[in-house]
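Just below is one structure, and these are the notes that go with it.
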Amino acid sequence: MADPKGFMTTPRQEWPRRPVEERVRDWDEVYVPGALLPIISKQADRCMDCGVPFCHSACPLGNLIPEWNDLVSREDWRAASDRLHATNNFPEFTGRLCPAPCEAGCVLAINQPAVTIKNVECAIGDRAWEQGFVPPRPPDRLSGRTVAVIGSGPTGLAAAQQLTRAGHTVAVYERDDRLGGLMRYGIPEFKMEKRHLERRLGQMRAEGTKFRTSTAIGRDIGAAELRSRYDAVVIATGATAWRELAVPGRELTGIHQAMEYLPLSNRVCEGDLEASPMSAAGKHVVIVGGGDTGADCLGTAVREGAASVTQLDIYAQPGAERDEDVEPWPTYPKIYRLSAAHEEARDLGTAPAADADARLFAASTLHFTGDGTGHVRSLHLVEVDATRQPVPGTGRTLPVDLVLLALGFSGPDREDGLIDQLGLELEPRGTLVRDAGFATNVPGVFAAGDAARGQSLIVWAIAEGRAVAAAVDHYLTGSSRLPTPISPYDRPMHV
């Protein structure tokens, strides 16, 4: 390591965010432009270069974190980029969107604030593009084998890039009109500007990957026909079947799924719409669900000018510190975190019904009531205990004009007919069945990402894409030199 005492002499310093009053008036990323590079070398100095770096195990990609921390501390950005891209196809995505389980596994985090691994990763990714360290890498020769990848989220893109670079001819099919999956229409612009996505797509096109948008396999092209065209097929459609809230009043108008709401605001940013037809402007908004998707809805509603926004989380408010008895290091702890959206809601006072940051913890929705026209006007909730049982006498009513359901996803969507037309087997929880080699029950068809794993993090999605690429390469050629960072049965570290 460059500075053996760095972790003792340098305090943790994160990428500063722009002032709340400024950033809620636009859709730009929340961070101060250019403020990361001046601090990041010293932050990388805090890495202790541990003999057993648990950050490796905490990250499914197997990122060589101490190595590129050391290189950044020495400001050897080209070598740092090479080490990072050896394990991660898209570090500028993960550096913005991943919740950083690697930091929870940082050895320094046992008794001090962890190294800012996520910020270092983002800095390397951005610097690599600025200085031309990531040119297209087309294969030296083609294998003569063809692969179709269904879905252009992080799993599909990672799989496609790996297989293209291995020499196979790859076509990516996306049912939306633009590429990127949830990164395009599910992630708000203020979390990741889409220019980062477009830059990678340009690199992949230059390498030889082909893209087909507005093409739903099973509807626009028959699944069996697609299978007959290609030597192998990778299903990376994600887990887009959203979970419902089965309570009285759900049929009222004004109650929508988060993934009906978020794409519209993204289309406004893309220039497709002047304003979202589902805009929160002037409305009292309640978000049901305490996860990242709910926070994305919160930040979006604030920017649209909502009269008030409240987010309901069925779990009790977590503590500020890790509970070592319940979630010992190096597992990823459930602690109180203040996202950019929650910081905005707190500072602007958007939720008069909540104590702070727009969240009501340990809250469960009982039912909705509407007005004479069938539009939702009230949400009735109750506090719950640790077993999610109602606490008597805690019922409350919130006024609401717009309800957004952010309850997660159960598995791949079957509406297009892809699953049924191929005869793919499903797990009881709704995800695709696959074996230890990522293969489904249909010969030559492989499944990866959230469609088979279930809803997960972007680092797991990219790791799945890299791993399934190795499996497909082996299927096509009999061997593979592509890396396999995870197996289908690997899971995050937990108690």
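Sequence positions, counted from 1, serve as the residue numbers for this chain. Because the structure is predicted, anything quoted here is derived from the model rather than measured. Worth knowing before you read on, the calculation uses all heavy atoms, side chains too, and leaves out hydrogens, waters and symmetry mates.
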Taking atom CD of E198 as the centre, report whether more than 12 heavy atoms of other residues, nucleotides or ligands fall under 6.0 Å from it. yes
Could you tell me whether R23 and E29 have a side-chain N and a carboxylate O separated by less than 4.0 Å? no
Residue pairs meeting side chain to side chain donor-acceptor pair (under 3.5 Å), one or both in residues 279-295, sequence neighbours left out, come to H284-S308
Residues R267 and D272 bridged, charged N to O under 4.0 Å: yes
Does one side chain, of E304 or Y261, offer a donor that lies under 3.5 Å from an acceptor on the other? yes
Go through the steps for L405 and E244 under the test side-chain contact (heavy atoms from CB on, under 4.5 Å), then give the verdict. CA-CA 8 Å; L405 305 180; E244 261 297 345; 3.9 Å; yes
Below 4.0 angstrom, N of the basic side chain to O of the carboxylate: do D490 and R453 qualify? no
side-chain contact (heavy atoms from CB on, under 4.5 Å) between L312 and L398, intermediate numbers included: CA-CA 11 Å; L312 307 185; L398 299 180; 4.3 Å; yes
Whether E260 side chain and Q257 backbone form a donor-acceptor pair below 3.5 Å: yes
How far apart are the C-alpha atoms of L476 and V147, what are their side-chain angles, what is the distance that settles it, and do they pass the side-chain contact (heavy atoms from CB on, under 4.5 Å) test? CA-CA 9 Å; L476 294 175; V147 183; 3.7 Å; yes
Which residues pass the side chain to side chain donor-acceptor pair (under 3.5 Å) test with D126, sequence neighbours left out? R96
For R491, enumerate each residue passing the salt bridge (Lys or Arg N to Asp or Glu O under 4.0 Å) test, keeping only those at least two apart in sequence or located in another chain. none
State, yes or no, whether a side-chain contact exists between L157 and L197 at a heavy-atom distance under 4.5 Å. yes
Which value, rounded to the nearest 0.5 Å, describes the distance between L273 atom CG and M278 atom CE? 11.0 Å
Check A469 against L482 and note the closest heavy-atom contact, atom names and distance. O-CD1, 3.8 Å
Ring pair (Phe, Tyr, Trp, His ring centres under 6.0 Å) filter on F446, not counting sequence neighbours, yields Y475
The test is side-chain contact (heavy atoms from CB on, under 4.5 Å); show your working for D413 and T237 and say whether it passes. CA-CA 8 Å; D413 188 355; T237 55; over 6 Å; no
Please lay out, stage by stage, how R337 and E343 fare under the test salt bridge (charged side-chain N to carboxylate O under 4.0 Å, His left out). CA-CA 10 Å; R337 294 179 173 86; E343 180 185 48; over 6 Å; no
Tell me whether R429 at atom CZ has more than 12 heavy atoms from other residues, nucleotides or ligands lying less than 6.0 Å away. yes
On a heavy-atom basis, which atom in A354 and which in L360 lie closest, and how many Å separate them? CA-CD2, 3.8 Å
Donor-acceptor side-chain pairing of Q161 and Q203 below 3.5 angstrom: yes
Side-chain donor or acceptor of T155 paired with backbone N/O of A461 under 3.5 Å: yes
SB check R414 D420 (cutoff 4.0 Å): yes
Keeping the roles fixed (side chain from Q311, backbone from G289), state whether a donor-acceptor pair exists under 3.5 Å. yes
How would you list, by chain and number, every residue that makes a side chain to side chain donor-acceptor pair (under 3.5 Å) with D296, sequence neighbours excluded? K191
If we only count heavy atoms from C-beta on, is the W15 to C122 side-chain gap below 4.5 Å? yes
Without placing hydrogens or testing angles, list every side-chain donor-acceptor pair under 3.5 Å for residues 162-175, not counting sequence neighbours.
unit_1: Q162; atom_1: OE1; unit_2: N89; atom_2: ND2; d: 3.2
unit_1: T164; atom_1: OG1; unit_2: A160; atom_2: O; d: 2.8
unit_1: T164; atom_1: OG1; unit_2: T209; atom_2: OG1; d: 2.7
unit_1: R165; atom_1: NE; unit_2: E207; atom_2: OE1; d: 3.4
unit_1: R165; atom_1: NE; unit_2: E207; atom_2: OE2; d: 3.0
unit_1: R165; atom_1: NH2; unit_2: E207; atom_2: OE2; d: 2.7
unit_1: H168; atom_1: ND1; unit_2: S143; atom_2: OG; d: 2.6
unit_1: H168; atom_1: NE2; unit_2: D473; atom_2: OD1; d: 2.7
unit_1: Y173; atom_1: OH; unit_2: Y230; atom_2: OH; d: 2.6
unit_1: E174; atom_1: OE1; unit_2: S152; atom_2: N; d: 3.2
unit_1: E174; atom_1: OE1; unit_2: S152; atom_2: OG; d: 2.7
unit_1: E174; atom_1: OE2; unit_2: D176; atom_2: N; d: 2.9
unit_1: R175; atom_1: NH1; unit_2: D416; atom_2: OD2; d: 3.0

Go through the structure and list residues passing side chain to side chain donor-acceptor pair (under 3.5 Å) with E225, not counting sequence neighbours. R229
Which residues pass the salt bridge (Lys or Arg N to Asp or Glu O under 4.0 Å) test with D313, not counting sequence neighbours? none
Determine whether V30 and R18 make a side-chain contact, defined as any pair of heavy atoms from C-beta on separated by less than 4.5 Å. no
Spatial distance of atom OG (S339) from atom CG (L298) [nearest 0.5 Å]: 6.5 Å
Between T431 and S410 the two heavy atoms that sit nearest each other are CG2-O, 4.0 Å
Check: H85 and P91 side chains under 4.5 Å, non-hydrogen atoms: yes
Output yes when a side-chain donor or acceptor of N441 lies under 3.5 Å from a complementary backbone atom of E425, and no otherwise. yes
Give a yes-or-no answer on whether the side chains of T87 and N63 include a donor-acceptor pair shorter than 3.5 Å. yes
Of all heavy-atom pairs between P136 and A206, which one has the smallest distance, and what is that distance? CG-CB, 3.5 Å
With sequence neighbours left out, what residues match E270 under side chain to side chain donor-acceptor pair (under 3.5 Å)? R184
For W242, give me all partners under ring pair (Phe, Tyr, Trp, His ring centres under 6.0 Å), at least two apart in sequence or on another chain. none
salt_bridge(E464, R434) N-O dist < 4.0 Å: yes
Restricting to ring pair (Phe, Tyr, Trp, His ring centres under 6.0 Å), what partner residues turn up for Y185, sequence neighbours left out? none
Check whether T146 reaches the backbone of D231 with its side chain - one donor and one acceptor, N or O, closer than 3.5 Å. yes
Contacts of F90 that satisfy ring pair (Phe, Tyr, Trp, His ring centres under 6.0 Å) - sequence neighbours left out: F93
Checking D357 against Y336: is there a side-chain donor and acceptor pair closer than 3.5 Å? yes
So V472 and V234, do their side chains get closer than 4.5 Å, heavy atoms only? yes
Is it true that, when you exclude Y315 itself, more than 12 heavy atoms of the residues, nucleotides or ligands shown sit nearer than 6.0 Å to its OH? no
Sidechain N-carboxylate O distance under 4.0 Å for E344, R303: yes
Quick one: closest heavy-atom pair of L418 and A223, and the distance? CD1-CB, 3.8 Å
Distance col, row I217:CD1 vs I419:CD1, nearest 0.5 angstrom, shows 13.5 Å
Polar contact flag, side-chain donor to acceptor under 3.5 angstrom, Q131-W77: no
Evaluate whether atom NZ of K194 has more than 12 neighbouring non-hydrogen atoms of other residues, nucleotides or ligands under 6.0 angstrom away. yes
Looking only at non-hydrogen atoms, find the nearest pair between W68 and A80 and report the distance. CB-O, 4.0 Å
